[in-house]
There are 2 protein chains.
Amino acid sequence: MDNKIKLRNAGLRPTKQRIIIADILLNGFNRHFTAENLQNEISISGNKMSIATVYNCLKKFKNAGLIKQVESYTDTAIFDTNNVSHHHFLNEETGELIDIDNNEINLIKLPDIPKGFINSGVDVIIKLKKNN
Amino acid sequence: MDNKIKLRNAGLRPTKQRIIIADILLNGFNRHFTAENLQNEISISGNKMSIATVYNCLKKFKNAGLIKQVESYTDTAIFDTNNVSHHHFLNEETGELIDIDNNEINLIKLPDIPKGFINSGVDVIIKLKKNN
DNA sequence: CAAGTAGTTTAGAACCATTTTAAAGTAAAA
DNA sequence: TTTTACTTTAAAATGGTTCTAAACTACTTG
Ligand SMILES: [Mn+2]
Ligand SMILES: [Mn+2]
Ligand SMILES: [Zn+2]
Ligand SMILES: [Zn+2]
């Protein structure tokens, strides 16, 4: 595999562990996974890796732009006295949320809903950063 | 306060603790907060409540429709081999995510961005539930 | 190649938000 | 009033993630 080279190009040392992970992840098929998912696949591939290393590698891969992490917006549970359906601005610096009325947003084009499912709600988050 | 009545109408027993929380939360001003935020405000109001009770009450309030919880989509960190900006379907039953290309979604109307900030990215999550 | 050094891996501990446990307390029902 | 179901609580448990610090390994320099 040229995953060794992919790692080098990304500015990462091609360690044994990183190559194992690159072989699993960087094969052209996109997927979502947790650290634990990945550790299991590493086991299945006949290797063994500490969970700390799995997290370390994922962080490096992410910072190098090889993968992304799905944004979560909230480390801790956030409650909201506004119990009407609405969207949010997210101040990326502070984590503060600001309500957006549903009628302030208009989604003109929606993707086809996967067969067998129905749209049960759309959430829009507009991230904010300071203007200069 | 008629918060005792509000609680009754919501099908909740108006305990001392629930009334303290209702007095803080259900005053007509909307806000976002964590369990810890609320516990602090309870202290400031001259009362004392265990964190377990704060969580218990928030869960009850939520199930009764008095407040909402901001959705987080992920209890655990989810990584994504698709490192191009994109949106997601969320299977609410399983937590599974499915990619949506950015060009599959068109936001025709956006709210005014708060003064001093710029839009640094929009995330759309379309929740899915089983059809029938 | 050495030898040095900077970066990496690891087991295990720590962290911390949230949930569970189980016992004591309280509100509503009978 | 007595009973029953529900609620509160301190403390322990849980579980994902990060930290610690020691062993290891990839790269650099001579
Ligand atoms: Mn932590
Ligand atoms: Mn947990
Ligand atoms: Zn809100
Ligand atoms: Zn994705």
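Labels below follow one simple rule: chain letters A, B, ... track the order of the sequence lines, proteins then strands, and each chain is numbered from 1.
At the heavy-atom level, B/T53 lies under 4.0 Å from base atoms of the strands shown. A/D75 comes within contact range of no nucleotide atom at all, as no heavy-atom separation falls under 4.0 Å.
Spacing between atom NZ of B/K16 and atom P of D/dT8 amounts to 10 Å, rounded to whole angstrom units. Counting to the nearest Å, the P atom of D/dA11 and the OH atom of B/Y55 are 18 Å from each other. A/I78 has its CD1 atom 15 Å from the C1' atom of C/dT18, to the nearest Å. Rounded to whole angstrom, the span from the CZ atom of B/R18 across to the P atom of C/dA28 amounts to 10 Å. Whole-Å rounding puts the B/K62 NZ to C/dT18 C1' distance at 12 Å. Counting to the nearest Å, the C1' atom of C/dT19 and the CD1 atom of B/I51 are 12 Å from each other. The interatomic distance linking A/M49 (CE) with C/dT9 (C1') rounds to 10 Å, in whole Å. Distance NZ (B/K59) to C1' (D/dC6): 15 Å, rounded to an integer number of Å.
Ranking D/dC19, D/dT17, D/dC27 by closeness to the A/R8 side chain, first place goes to D/dC27. Between C/dA11, D/dG16, C/dT9, one nucleotide has an atom nearer to the side chain of A/S50 than all others, and that is C/dA11. Of the candidates D/dT17, D/dT8, C/dT18, D/dT8 carries the atom nearest the B/Q17 side chain, counting heavy atoms from C-beta on. The B/R13 side chain lies nearest to C/dT26 when the options are D/dG16, C/dT26, D/dA26.
Sequence order on DNA chain C of the closest nucleotides to B/N56 and B/P14 puts B/N56 first from the 5' end. Between B/T15 and A/A35, the one whose closest nucleotide on DNA chain D sits nearer the 5' end is B/T15. Between A/E36 and B/K48, the residue anchored closer to the 5' end of DNA chain D is B/K48, taking for each the nucleotide with the nearest heavy atom.
Rounding to the nearest 0.5 Å places CD1 of A/I126 at 10.0 Å from CG of B/D123.
Across all non-hydrogen atoms, the minimal contact from B/D112 to A/E104 is N-OE1, 4.5 Å.
Using a 4.0 Å cut-off between a side-chain N of Lys or Arg and a carboxylate O of Asp or Glu, A/K130 and A/E93 qualify as a salt bridge.
Checking the phosphate oxygens (OP1, OP2) of D/dT7, a side-chain nitrogen or oxygen of B/K60 falls inside 4.0 Å.
The hydrophobic cluster containing A/L97 does not contain A/F79, counting ILVMFWY residues as joined when their side-chain heavy atoms lie under 4.5 angstrom apart, directly or transitively.
Side-chain contact, B/H32 with A/N82: no donor N or O sits under 3.5 Å from an acceptor N or O.
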